[in-house]
S.K.: 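My questions will all concern the structure given below.
Just so it is clear, the model here is predicted, and its values are computed rather than measured. Chain naming here is simple, since letters A, B, ... match the order of the sequence lines and numbering starts at 1 in each.
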Protein chains: 2
Amino acid sequence: MTTKKATIKDVAREAKVSIASVSRVLNGLGGVTADTQDAVRKAAARLHYVPDSAARSLITGRTHTIGAVLPDLYGEFFSELIRGIDLAARARGLHLLVSSSHDGVEDAAAAVRTMRGRVDGMIILSEFVDGEFLDRNLPSDLPVVLLDSPVDSPRYPSINIDNIAGAQAMVKHLLDVGHDSVAFITGPAGNYDAQEREKGYRAAMSASAPDAPLQIVTGDFTEESGYRAGRELLALAKRPRAVFAANDMTAVGCLYAFKEAGVRVPEDIAIAGFDDILIARYVTPLLSTVSVSIADLGKSALLLLTELMEGKGPQGANTRTLRCDVVVRESCGAHKTNVATKQPPALV
Amino acid sequence: MTTKKATIKDVAREAKVSIASVSRVLNGLGGVTADTQDAVRKAAARLHYVPDSAARSLITGRTHTIGAVLPDLYGEFFSELIRGIDLAARARGLHLLVSSSHDGVEDAAAAVRTMRGRVDGMIILSEFVDGEFLDRNLPSDLPVVLLDSPVDSPRYPSINIDNIAGAQAMVKHLLDVGHDSVAFITGPAGNYDAQEREKGYRAAMSASAPDAPLQIVTGDFTEESGYRAGRELLALAKRPRAVFAANDMTAVGCLYAFKEAGVRVPEDIAIAGFDDILIARYVTPLLSTVSVSIADLGKSALLLLTELMEGKGPQGANTRTLRCDVVVRESCGAHKTNVATKQPPALV
DNA sequence: CGGCGGAACGTAAACGTTTTCATCGAAACT
DNA sequence: AGTTTCGATGAAAACGTTTACGTTCCGCCG
């Protein structure tokens, strides 16, 4: 329809006012007669005027865009995380610039740097970033919120999942149900979440079953590693009564190993995971796990970021923690109270 | 570290040259002595200079950003789609601005409009858009690629999944295996994909089993609707030998309905779905389905978009179609000759 | 030796806004 | 009525780039 793109000058001419007045009207700054407002609005509509965001950014220094840096976009976790961020961002009129799939620290640095100047703030979830990394790659005045990061610096507030408490609660649950020995399948060596979950396992064991031996086999968050770990556990002289895996995919792999060997779950060995991925509701038996409200994580992150962007320093603690909940299904061998949990997640 | 943000002027002063030369060097335009180049590069590095993208966009009219408009970000499909787009975009040095979760046509229009001027091109997947919608909400010179859309306009090229062929192939497979009657569970009434898949079903039936009755029950892509549809099918006087569901979630719901009723799958009734979601590999029996390379869809879309952005009109047809493949697992009751080897190592 | 072409580089205009400042008239005090 | 105050408005500067256009200088050919 529009032949060329209309600028603020065109609108001013059309409305027979100055460009300053047009700007005032369109930004709702006040100090303009109702008549002028009307004239400007009409003219703008007539010309299909849309303010040029580049010019606006140039002079105001704000982009109304926030950046999300993630290690990947695939999988439930990131998918839902970014959805939570996007929803909260749109509610505030902010755009979302995403960047993912960083193979190494250099790749991540490049991603972060190219976002510089294009965003008003960033939400970063990456194993590669630490305080020094940020100091080096970002302007000191750019608000940043870290997700799921061990960094504890006053300059960079972070929001973490309460892995320790969640893991601890699940292991305690397994013990309470009557499983006197609980083994643990670890996650990748360097992974922060995995380390925290192991801490929770150790804490629960030493608190509730100080005499039971600690049985720990290594995994790496993949289903395959869970399968291997399952076979390893079966080969043990003294089999554990229950297994707590660092995440759900590992638990599922372990489950298949047991099934294959004819070991019944949960009658012979109980299994529990962490994350509450969708699959947990579709395997047989239904997988007990620890659930995290990932969308909430994204939303909280964006909220904190906007506070930062509005100049409010991080109020209160600079590290917030997100609660997680034990979800009892079938695989942990507890009484089958709530089977209704296999419903798909209709809405959030 | 840096006290203030350095501008091109600062670099020019530091290197004792003009800003024009700085620009030339940094953009690799040539016409500059090796000496000057060196001086500029050194100065820029010393000051941690990063060009202001807003100023650059203002004068060049390019943002090096592409926008992705999706109905949602949740679920495997969108998750992987956006990942494919992001990967391809980064490979070309383009940024990705996402916008999702549009409840209605007005919401979508607002999203599309606010992106105007912030992006060099857009990839749109939305049931709300048609040619008229785009004409109304977008500048006529903005390159756009439509995904999975019935719009067939020379101005707006689109990339579609070959739903018809995929559905047709799957239904033919079910018939070939020996199931003489195949029922169909539909998707949401207005959904384009769902309609195409139904067409495929009808085509296969009339081609390979013209005498068999068409048994069609309605669903809406949700697991619950599949469950209801399953019960409906069981109540039928003449039960079908096989069921083809418009998507995997529906198929899974149907599967549960059968299981609950003591009907064996695939011995009593075979089931097949569409999409090849992750869950298809975890239900019992393993779900046969039609797989689509979603990441490829995203990648193709971005490729086409970049061609458009570089001025090349849509070469060849303005509608491209992406192939899909029948994945034979257990639920369709075929002989387990070709158990695809791309499965996770779990259940064998 | 004079003019000429071209390479290297600088000056300044342009991009489309926001915002400060000045101007002007009218309303509101004394 | 004179002065002040204030609200509405416009002119112009500023934001940080890219780029068209000059300028300078050098080597080269006639």
S.K.: Cut-off 3.5 Å, side chains only: do A:Asp135 and A:Tyr156 have a donor facing an acceptor?
M.R.: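 A:Tyr156 and A:Asp135 do have a side-chain donor-acceptor pair below 3.5 Å.
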
S.K.: Just how far, in rounded Å, is P of C:dT17 from CD1 of B:Ile59?
M.R.: 14 Å

S.K.: In this structure, how many angstroms lie between the P atom of C:dG10 and the CZ atom of B:Arg24, rounded?
M.R.: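 Atom-to-atom, B:Arg24 to C:dG10, this comes out as 8 Å.
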
S.K.: So, is B:Thr33 close to the C:dC9 phosphate, meaning a side-chain N or O under 4.0 Å from OP1 or OP2?
M.R.: yes

S.K.: Rounding to a whole Å, what distance do you find between B:Leu58:CG and D:dA14:P?
M.R.: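 About 17 Å, once rounded to whole Å.
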
S.K.: Within the structure shown, what part of the strands sits under 4.0 Å from A:Ser53 by heavy-atom distance: base, sugar-phosphate, or nothing?
M.R.: nothing

S.K.: Among C:dC15, C:dC9, C:dT18, which is the nearest nucleotide to the side chain of A:Ser23?
M.R.: C:dT18

S.K.: Specify the separation, in whole Å, of atom CZ of B:Arg56 and atom C1' of C:dC15.
M.R.: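 Roughly 15 Å, once rounded to whole Å.
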
S.K.: It should be established whether A:Thr7 places a side-chain nitrogen or oxygen under 4.0 Å from OP1 or OP2 of nucleotide C:dG16.
M.R.: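 No.
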
S.K.: Quick one: does any side-chain atom of B:Asp120 pair with a main-chain N or O of B:His64 as donor and acceptor, under 3.5 Å?
M.R.: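 Yes: the side chain of B:Asp120 pairs with the backbone of B:His64.
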
S.K.: Nearest whole angstrom, please: distance from the P of D:dG16 to the NZ of B:Lys5.
M.R.: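 Whole-Å distance recorded here is 7 Å.
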
S.K.: Tell me the interatomic distance from A:Lys16, atom NZ, to D:dT9, atom P, rounded to whole angstroms.
M.R.: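 Checked: the NZ to P distance equals 16 Å.
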
S.K.: Between C:dA8, D:dT17, D:dT9, which nucleotide gets closest to the side-chain atoms of A:Val32?
M.R.: D:dT9

S.K.: Under a 4.0 Å N-O cut-off, is there an ion pair linking B:Asp86 with B:Arg90?
M.R.: no

S.K.: For the pair A:Arg13 and A:Asp10, find out whether any cationic side-chain nitrogen is under 4.0 Å from an anionic carboxylate oxygen.
M.R.: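 Looking at A:Arg13 and A:Asp10, the cut-off is met.
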
S.K.: Please name the residue in the list B:Val69, B:Val129, B:Leu138, B:Leu305 that meets the side-chain contact (heavy atoms from CB on, under 4.5 Å) test with B:Val144.
M.R.: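 Result for side-chain contact (heavy atoms from CB on, under 4.5 Å) with B:Val144: B:Leu138.
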
S.K.: Using heavy-atom distances to pick each residue's nearest nucleotide on DNA chain C, tell me which of A:Ser21 and B:Ala55 is more 5'.
M.R.: B:Ala55

S.K.: Select one nucleotide: of D:dT18, C:dT18, D:dT19, the one nearest the side-chain heavy atoms of B:Ile8.
M.R.: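 Ranking D:dT18, C:dT18, D:dT19 by closest atom to the B:Ile8 side chain puts D:dT18 first.
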
S.K.: Closest approach to the side chain of A:Ala20, judged atom by atom: which nucleotide of C:dG16, D:dT9, D:dG10 is it?
M.R.: D:dG10

S.K.: Whole angstrom is fine here: how far is it from CD in A:Gln37 over to P in D:dG7?
M.R.: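 Interatomic distance, CD of A:Gln37 to P of D:dG7: 15 Å.
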
S.K.: How long is the line joining CG of B:Asp10 and C1' of D:dG16, in whole Å?
M.R.: 11 Å

